[in-house]
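One structure is given below, encoded as C-alpha cells.
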Amino acid sequence: MCGALRASDAGKKVILMGWVNRRRDLGALIFVDVRDRSGVTQVVFSGERNSAVHEKAELLRNEFVIAVIGTVKLRDADTINKNIPTGEIELVADELRILNEAKHPPFLPSDTSLANEEMRLKYRYIDLRRDAMQFNIELRHKVALAIRDYLASQGFFEIETPFMTRSTPEGARDYLVPSRVQPGAFYALPQSPQLFKQILMISGFDKYFQIVRCFRDEDLRADRQPEFTQIDLEMSYPQPERVWETVEGFLTAAFKAAGHDIKTPFTRMDFDDAIRQYGIDKPDLRLPAFTEVRDCFSPADLEQLAINKDLPVIAVRMPGVGELSRKERDDLKPMFISKGGARIFEDFKRIENKFAEAGAKIRQKSGAGPDDLIVLVVGSAQSGKDDHPAQKRKVTPAELAIYASAGLMRVALGQKYAAKHGLFKRGDFRFLWVTNFPMFEYDEGDKRWVAAHHPFTSPHDEDMDKLESDPAMVRALAYDVVLNGTELGSGSIRIHRQDIQRKIFHALGMTEEEAKSRFGFFLEALEYGTPPHGGIALGLDRIVMILAGADSLREVIPFPKTAAAKDLMVDAPTPVTDAQLRDLGIAVAKKP
RNA sequence: GGGGACGUAGUUCAGUUGGUUAGAACGCUGCCCUGUCACGGCAGAGGCCGCGGGUUCGAGUCCCGUCGUCCCCGCCA
C-alpha cells in the first residue's frame, strides 16, 4: 500500500498501485506522489536512470491510476520529508503502467480549499478520495465494528428485521412503497424496528441488536438525514440500569476504537432538573447551568423592569466571553427565540449600572467572574396565568417557556462564542443519562395527549393509576443518552402486558377499533407470554460525527441527501414511467 | 409551510458609488529546469457573472420572480 513503506524497507523491490496525487516535473527528474487510502509515497522517475520510463511518466496527470514497479530507496538526509509517514524513503521507478487515465476532475482530492457541497455531492466519488473523508469512513467502520464485537461478546444476536413493513401513522411521516400485487396498498419503510424487536423478545431472543437503516420522511437538518443508521438493541428482564450499562459498554468500546477513553457510569439527571438547569432535555454539560436569580432583585426592581415576579428569572452565563459590543448585542437579538412571551436582557452592564445591588448579587450567585458574559431571560409582566392541562407539573408550562427560551439562548451563545473562547475542548466528552421523562405531551393543535417517547413505553409503576385521571403527571420509564448537547439515543422499558398497552392506546385517544386495526398483531402477540423487556436505539451517524469533529452528518455518511432530500450524484428521486405507475395502479396528480 | 445566507473562469474567491477591455490563486495547456514534496520560471487558453424579467443612457453591482446549495423555525412518537 502507498502508506506502508518505511526506512526498514530500503532495498526492497516493490509494486505500488494508486492514484497520481501530485506530480512535480523538474525536467529530467519527475516526482509523483502515488496515493491510496493508506497514504502517499513519492515515486522518482529519472531520465538518466531509465529514459523510456521517464518519458512515459511525462504523460501522467492528476488522478491517473498507475502501477509502479521499483526499488525502495532511503532518501538522503537533506531530502527527507518529515510531513508524511513515508517521508524517509522513495520509490525509484523501473517500470510504469498507466492502468487508467482520468478526465480533469472538477476538483482535486489534494486541493487545499474545499469545493462547495453541491459539487462535492455530485462528484461524491472524488470527494470521498479526500483524506478527511477517507478518515471519516474508516472511523465509521471501526466504530461500528467495535460496537458489534462488544455486543456479540455480551451475548447479543444481530438479527435483521424487514425494511418493507406496515405504516403506523403516528410519529414521523413514513416513506411508502407501493405494492404491485396488492394495488392501492403500501408498505412503509421502518422509522425504527420497534415492534419487531419487541416481538423478538416475545420470540425468545432475549438479547437482540442490529445496526440498521431507519427512514423518516421529515425535513432535514445538519444532524438529520431521511435515512440514517441506528444501533438498535433490546433485552429481556432488564432494569433501566442494565440497558445503561450495555450502552456505556459499547460506547466505551466505540470511543476506544476512535482513540478516546471515556468514563463510566455516565452522569444521570432527572428530566425536570434538566429543564430547570439547562432549559432543554439534552443539555450540553460543557457549559455552565443556569442560575435562577429572581431573588437577587427587589420587588421594586422587578416592577420597574416589567419582569414577571411569579416566573423564573434566568441568568445564562458564558465563562470568559466578556462584555459584548453594541453590534454583538444587536446580533444576539434575532438569535433569541421567545417561547410564551419570554424576554431577554442582553445588556447586563446596563442592569448593573441601574440596579447595582441586584447586579452584584447576580454575579455572586451565578459565580460569574468579571470576564463572564451574562444574559438574563425573564417572563414579561403580563404572562404567567394559564389553565394548560400540564399546569400541575413540577415545571409548569409558563415556567417551561422561560426555561426553554433561556435554553435556546444558552445553546446559541455556546455555538457562537464558546468555540472561540476555548470552552469546547477536543476530546471533551460529557455523557449524560436523562431519565424520568413525562409519559405524555399535550398536542396544542390536536388538543390531545400524545406519547412523549412512543406508545410502547412503560409508565412508572406508581403512576399507573394516573393514566386516565391525571395524564400530565405520569412519568415514563424512558431515558435518553446525551453527549455534548446532542441526543445520541433514546430508549425505555416497554409495556409487556396487553391490558396496560390497551390503556395507553386509550389514553392517547385511540378507540378500541383503531388500536386493533393498527396494532392488533402486536396486542395479540403480547398475550402469548411476553417477558418484561426494554431497550434503546442510538444514532451511529451522530456518534461518528462527534468523533470526527464534524458539523454535519454528511461528513460521515458516504452518500447523503441534500436539505431537499435529493441525492445529487444519482439524481434521485425521479419521476417514473407511466408503465411503472400503471403496474402499481398509481396516478400522479401533479407531475413536475 | 416560514425566515436567513450564498450563487462571478474547471475550483476557491475578489470585484469600490451602477461607468472603459470582469481580476487573483489553485487547476489546465505548451516550453525550460536533476532533489522537488502546496516545486520553481516563462508563455497561454479558459467567463450566458445560476436562470427569467424589470429600472437605467449604461447592470456582475439596484428591484421583482425563479432555480440550486447551506443554516434555522415548524416538523422529527
Side-chain angles (χ1 to χ4, degrees), chain A residues 21-34 40-49 54 58 61-63 73 75-84 86-87 90 92 103-123 126-127 168-174 191-192 194-195 214-226 228 334-339 408 411-412 415 437 439-441 443-445 449-457 476 478 487 490 492 504-505 508 510 518 537 539 551-552 554 561-564 566 568 592:
Chain A
N21 196 50
R22 276 178 188 281
R23 69 197 160 91
R24 293 174 292 280
D25 187 344
L26 276 63
L29 203 57
I30 299 173
F31 298 97
V32 170
D33 296 334
V34 208
V40 295
T41 298
Q42 173 167 284
V43 179
V44 194
F45 296 93
S46 163
E48 194 176 84
R49 182 187 165 100
H54 174 266
E58 285 178 336
R61 294 294 181 270
N62 286 323
E63 299 307 304
K73 174 177 161 280
R75 296 201 198 181
D76 295 337
D78 57 336
T79 63
I80 286 174
N81 184 351
K82 290 198 182 72
N83 300 321
I84 55 172
T86 59
E90 61 195 3
V92 180
K103 276 174 65 177
H104 306 312
F107 58 94
L108 290 173
S110 58
D111 277 348
T112 42
S113 66
L114 201 54
N116 72 32
E117 287 237 29
E118 204 174 340
M119 197 56 67
R120 291 179 57 201
L121 291 175
K122 181 161 185 205
Y123 298 95
I126 293 167
D127 186 52
T168 53
E170 184 103 10
R173 208 173 283 117
D174 287 321
Q191 299 173 28
S192 96
Q194 184 60 34
L195 291 179
C214 299
F215 307 86
R216 290 178 192 176
D217 186 5
E218 296 293 344
D219 285 348
L220 289 82
R221 289 285 188 283
D223 62 351
R224 272 163 32 188
Q225 282 273 316
F228 58 102
M335 282 158 55
F336 180 68
I337 296 156
S338 171
K339 306 264 183 187
L408 291 170
V411 169
Q415 275 168 5
F437 281 80
M439 183 75 194
F440 303 106
E441 278 166 5
D443 186 315
E444 310 287 348
W449 292 99
V450 296
H453 184 53
H454 58 54
F456 314 105
T457 298
E487 180 197 314
S490 197
S492 64
I504 297 292
F505 285 151
L508 292 171
M510 235 183 273
R518 284 187 202 172
D551 294 323
S552 162
R554 293 184 301 275
K561 307 274 190 290
T562 68
K566 290 206 273 193
L568 296 180

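Below, chain A is the first sequence line, B the second, and so on; all start at residue 1.
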Taking any heavy-atom pair under 4.0 Å as a contact, classify [X]: base, sugar-phosphate, or nothing.
X	answer
A:Q191	nothing
A:S110	nothing
A:Q42	base
A:K82	nothing
A:D219	base
A:T79	base
A:P455	base
A:R49	nothing
A:D78	nothing
A:K566	sugar-phosphate
A:I84	nothing
A:L508	nothing
A:E90	base

Quick one: are [X] and [Y] in side-chain contact, heavy atoms under 4.5 Å?
X	Y	result
A:D217	A:D174	no
A:V43	A:F31	no
A:K566	A:K561	no
A:M439	A:W449	no

Nearest-angstrom distance from the residue atom [atom1] of [X] to [atom2] of [N]:
X	N	atom1	atom2	result
A:R23	B:rA38	CZ	P	16 Å
A:E117	B:rG7	CD	P	16 Å
A:D551	B:rC72	CG	C1'	14 Å
A:I30	B:rC37	CD1	C1'	15 Å
A:R24	B:rG27	CZ	P	12 Å
A:L114	B:rC26	CG	C1'	14 Å
A:N83	B:rC39	CG	P	12 Å
A:N21	B:rC39	CG	C1'	15 Å

Between [N] and [M], how many Å separate the two [atom1] atoms, rounded to a whole number?
N	M	atom1	answer
B:rC37	B:rG52	C1'	49 Å
B:rC71	B:rG10	P	26 Å
B:rG7	B:rG60	P	15 Å
B:rU11	B:rG47	C1'	14 Å
B:rU61	B:rG15	C1'	9 Å
B:rG74	B:rG4	C1'	15 Å
B:rC63	B:rU17	P	14 Å
B:rC49	B:rU8	C1'	4 Å

Verify the distance criterion only: is there a donor paired with an acceptor across the side chains of A:Q191 and A:R173 at less than 3.5 Å?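 The answer is no; no qualifying pair exists.
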For A:K122, look at atom NZ and say whether over 12 heavy atoms of other residues, nucleotides or ligands are found less than 6.0 Å away. no
So does A:D551 have more than 12 non-hydrogen atoms from other groups sitting under 6.0 Å from CG? no
Proximity to the side chain of [X] - top-ranked nucleotide from [options]:
X	options	value
A:S113	B:rC70, B:rU12, B:rG74	B:rU12
A:N62	B:rG35, B:rC28, B:rU34	B:rC28
A:T112	B:rU34, B:rC72, B:rA38	B:rA38
A:K339	B:rG35, B:rG74, B:rC70	B:rG74
A:A172	B:rG35, B:rC76, B:rU69	B:rC76
A:E118	B:rG68, B:rC76, B:rU11	B:rG68

Looking at the base of [N], is there any donor atom on it, or on the side chain of [X], that sits under 3.5 Å from an acceptor on the other one?
X	N	value
A:R22	B:rG27	no
A:R61	B:rU29	no
A:E218	B:rG74	no
A:R216	B:rC76	no
A:R554	B:rC70	no

A:K73 side chain near B:rG35 phosphate (N/O to OP1/OP2, under 4.0 Å):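 Negative; the distance criterion is not met.
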Phosphate oxygens OP1/OP2 of B:rU34: is one of them under 4.0 Å from a side-chain N or O of A:S46? no
Does any nucleotide pair with [N] by Watson-Crick or G-U wobble geometry, both distances under 3.5 Å, and what is it?
N	result
B:rG40	B:rC32
B:rA5	B:rU69
B:rA25	B:rU11

Closest to the 5' end of RNA chain B, once A:L408 and A:G47 are matched to their nearest nucleotides, is A:G47
Between A:A28 and A:N81, which is nearer to the 5' end of RNA chain B once each is assigned its nearest nucleotide? A:A28
Would you compute the distance between atom CG of A:D223 and atom CZ of A:R554 and round it to the nearest 0.5 angstrom? 10.5 Å
B:rU36 base stacked by A:F31? Criteria: ring centres under 5.5 Å, plane angle under 30°. yes
Got a donor-acceptor contact below 3.5 angstrom from the A:N81 side chain to the A:N83 backbone? yes
Can you tell me if A:H104 uses its side chain to pair, donor with acceptor, with the backbone of A:N62 under 3.5 Å? no
